[in-house]
Asker: 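Dropping the structure in here first, questions after.
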Amino acid sequence: MAAPGPRSNDPETADESACITTIVDTIADIVPKLRTAFETHRSYEGDYNPSGEEMLAADVYADELLESRLGGLDCIGTYASEERADPIQVGTGLSIAVDPLDGSSNLGSNNGVGTIVGIYDGDLPASGHDLVGAMYVLYGPTTTAMVATDDGVTEYLCSDGQREVLTPSVSLPETGTVYGFGGPVPEWPSAFRRYAMSVQRRLKRRYGGALVADVNQVLSHGGVFAYPSLETRPSGKLRLQFEANPIAYIIEQANGLSYQGSGSVLETEPERLHQRTPLFVGSPEPLAELIETLGGKA
Ligand code: AHG
Ligand code: MN
Ligand code: MN
Ligand code: MN
């Protein structure tokens, strides 16, 4: 089984590093506006996104603000989002795939929500190995950003439009203490159900229904997050371009492992912009047990 740690994503160039820095600074700058919008834009719009989900006004607001600010950067060529059918050409340069508001159904109950950004060197849909960087923002009691490049993962505290380093180098412990598994238990594949029975004997359940918040608990405490394939959703629920690839890249850069049923998430063949995938990410030990139980390689 592959040793945990960064996979074979090519090291980013100086220009790509500079672009990633500008993206992170731009997002830190608009975080206050996004947080305000989560207070005021809570109604459903009646419009549906390409994944068939009814969009909140906050989904639309976040998408439009991110498109105007990130799409306006000289180093960005393509902007794509969970809320739009197709990528839009905004210039020449890197491609960004955005989940503007992750966990939007948590907004009404005032639980954690996030924003996820995948930064790809290549046309979309792209392979996870085309990622040169990825980040997420977690809007919790405080607002934090987790930023992964080929140098590793850094956690920032975001306030007043600025960011300051909170954790210079984020690294997952071998085992950890928490697990979070999504989807209705009766619809889990039997092998995953067997795995869940084993894990819940020794890890603490932490599941809140927003990918960013649930993954952040795994990055903070170590453990495993999973959203497996389901009877009614054989390809799982999470989107490869906007959610699974960026999260898998962050986890692998933090010395963890990702898996989608036959290998690393980053190996998944990109076919459609909104394709879904099962997602398993976390510390080496619980992921090794999962991979052994479900078969396949890391
Ligand atoms: P989004 O709000 O961007 O559509 O994402 C929701 C996703 C993800 O955040 C979370 O892990 C998952 O939906 C939760 O699904 P369940 O509601 O089935 O638990
Ligand atoms: Mn959605
Ligand atoms: Mn999401
Ligand atoms: Mn979303």
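We count ligands from 1, going down the list as the structure has it; atoms in each ligand are counted the same way. The first residue of the sequence shown is numbered 1, and numbering continues consecutively from there.
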Asker: Relative to the ring of Phe280, is the ring of Tyr259 parallel (under 30°), tilted (30 to 60°) or perpendicular (over 60°)?
Answerer: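 Because their plane-to-plane angle lies in the 30° to 60° range, the rings of Tyr259 and Phe280 count as tilted.
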Asker: Give the atom name of whichever N/O/S atom in Asp102 sits closest to the Mn ion (ligand 3).
Answerer: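 Answer by atom name: OD1.
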Asker: Does Gly182 come within less than 4.0 Å of ligand 1, judged by its heavy atoms?
Answerer: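 False for this residue.
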Asker: Decide yes or no on salt bridge (Lys or Arg N to Asp or Glu O under 4.0 Å) for Glu292 and Arg194, but give the supporting numbers first.
Answerer: CA-CA 12 Å; Glu292 198 175 319; Arg194 276 200 309 281; over 6 Å; no
Asker: Below 4.0 Å, non-hydrogen atoms only: which portion of Val212 touches ligand 1? Side chain, backbone, both or neither.
Answerer: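 Answer for Val212: neither.
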Asker: Restricting to N/O/S, name the atom of Glu53 that gets closest to the Mn ion (ligand 2).
Answerer: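 Per the distance ranking, Glu53 contributes OE1 as its closest N/O/S atom to the Mn ion (ligand 2).
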Asker: Need the atom name: nearest N/O/S atom of Asp99 to the Mn ion (ligand 3).
Answerer: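 Among the N, O or S atoms of Asp99, the one closest to the Mn ion (ligand 3) is OD2.
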Asker: Give yes or no for whether the N/O distance cutoff of 3.5 Å, strictly under, is met between Arg239 and ligand 1.
Answerer: yes
Asker: Any nitrogen or oxygen of Gly103, main chain or side chain, under 3.5 Å from a nitrogen or oxygen of ligand 1?
Answerer: yes
Asker: With a 4.0 Å heavy-atom cut-off (strictly under), which part of Asp102 contacts ligand 1: side chain, backbone, both or neither?
Answerer: both
Asker: Tyr156 ring centre to Arg163 NZ or CZ under 6.0 Å, with the angle to the axis within 45°?
Answerer: yes
Asker: From Ile27 CD1 over to Thr22 OG1, what is the distance, rounded to the nearest 0.5 angstrom?
Answerer: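 Answer for the CD1-OG1 pair, Ile27 versus Thr22, is 11.0 Å.
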Asker: Considering the heavy atoms of Asp99, write down every atom of ligand 1 situated less than 4.0 Å from one of them.
Answerer: 3 (O)
Asker: State which residue, out of Asp99, Asn216, Asp102, fulfils the side-chain hydrogen bond (donor to acceptor under 3.5 Å, both in side chains) condition with Tyr136.
Answerer: Asn216
Asker: Can a salt bridge be assigned to the pair Arg233 and Glu187 using a cut-off of 4.0 Å between side-chain N and carboxylate O?
Answerer: no
Asker: So, of the N/O/S atoms that Glu243 has, which is the nearest one to the Mn ion (ligand 3)?
Answerer: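 The closest N, O or S atom of Glu243 to the Mn ion (ligand 3) is OE2.
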Asker: Please list the nearest protein heavy atom to atom 11 (O) of ligand 1 with its residue and the distance rounded to 0.1 Å.
Answerer: Leu211 N, 3.3 Å
Asker: Going by distance only, is there an N or O of Ala210 that falls short of 3.5 Å from an N or O of ligand 1?
Answerer: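 No: no nitrogen or oxygen of Ala210 is under 3.5 Å from one in ligand 1.
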Asker: From the N, O or S atoms in Glu82, identify the one nearest to the Mn ion (ligand 2).
Answerer: OE2
Asker: Distance alone, cut at 3.5 Å: any donor-acceptor contact between the side chains of Thr78 and Tyr120?
Answerer: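 No pair is found: no donor N or O on one side chain lies under 3.5 Å from an acceptor on the other.
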Asker: For Leu101, take its heavy atoms, then give the atoms of ligand 1 lying under 4.0 Å from any of them.
Answerer: 2 (O), 3 (O)
Asker: With nothing but distance in play, are any N or O atoms of Gly183 less than 3.5 Å from an N or O of ligand 1?
Answerer: no
Asker: For the residue pair Asn111 / Ser109, report whether a side-chain donor-acceptor contact shorter than 3.5 Å exists.
Answerer: yes
Asker: Ignoring hydrogens and geometry beyond distance, is a side-chain donor-acceptor pair present between Ser198 and Glu289 at under 3.5 Å?
Answerer: yes
Asker: For Thr277 and Gln260, does a side-chain donor sit closer than 3.5 Å to a side-chain acceptor?
Answerer: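 Note: Thr277 and Gln260 side chains miss the donor-acceptor criterion.
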Asker: In the protein, which heavy atom is nearest to atom 19 (O) of ligand 1, and how far is it?
Answerer: Tyr207 OH, 2.6 Å
Asker: Among all protein heavy atoms in this structure, tell me which lies nearest to atom 18 (O) of ligand 1, with the distance rounded to 0.1 Å.
Answerer: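 Answer, as residue, atom name and distance: Tyr227 OH, 2.7 Å.
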Asker: Among all protein heavy atoms, pick the one closest to atom 7 (C) of ligand 1 and tell me residue, atom and distance.
Answerer: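 For this ligand atom, the closest protein heavy atom is Leu238 CD2, 3.9 Å.
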Asker: Hey, is Glu285 close enough to Arg202 for a salt bridge, meaning N to O under 4.0 Å?
Answerer: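 Salt bridge between Glu285 and Arg202, a charged N being under 4.0 Å from a carboxylate O: yes.
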Asker: Heavy atom to atom 15 (O) of ligand 1, shortest distance: which of Glu82, Lys237, Glu243, Glu53 holds it?
Answerer: Lys237
Asker: I'd like to know if the side chain of Tyr227 pairs up with that of Asp214 as donor and acceptor (distance under 3.5 Å, no hydrogens or angles considered).
Answerer: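 Side-chain D/A pair, Tyr227 to Asp214: absent.
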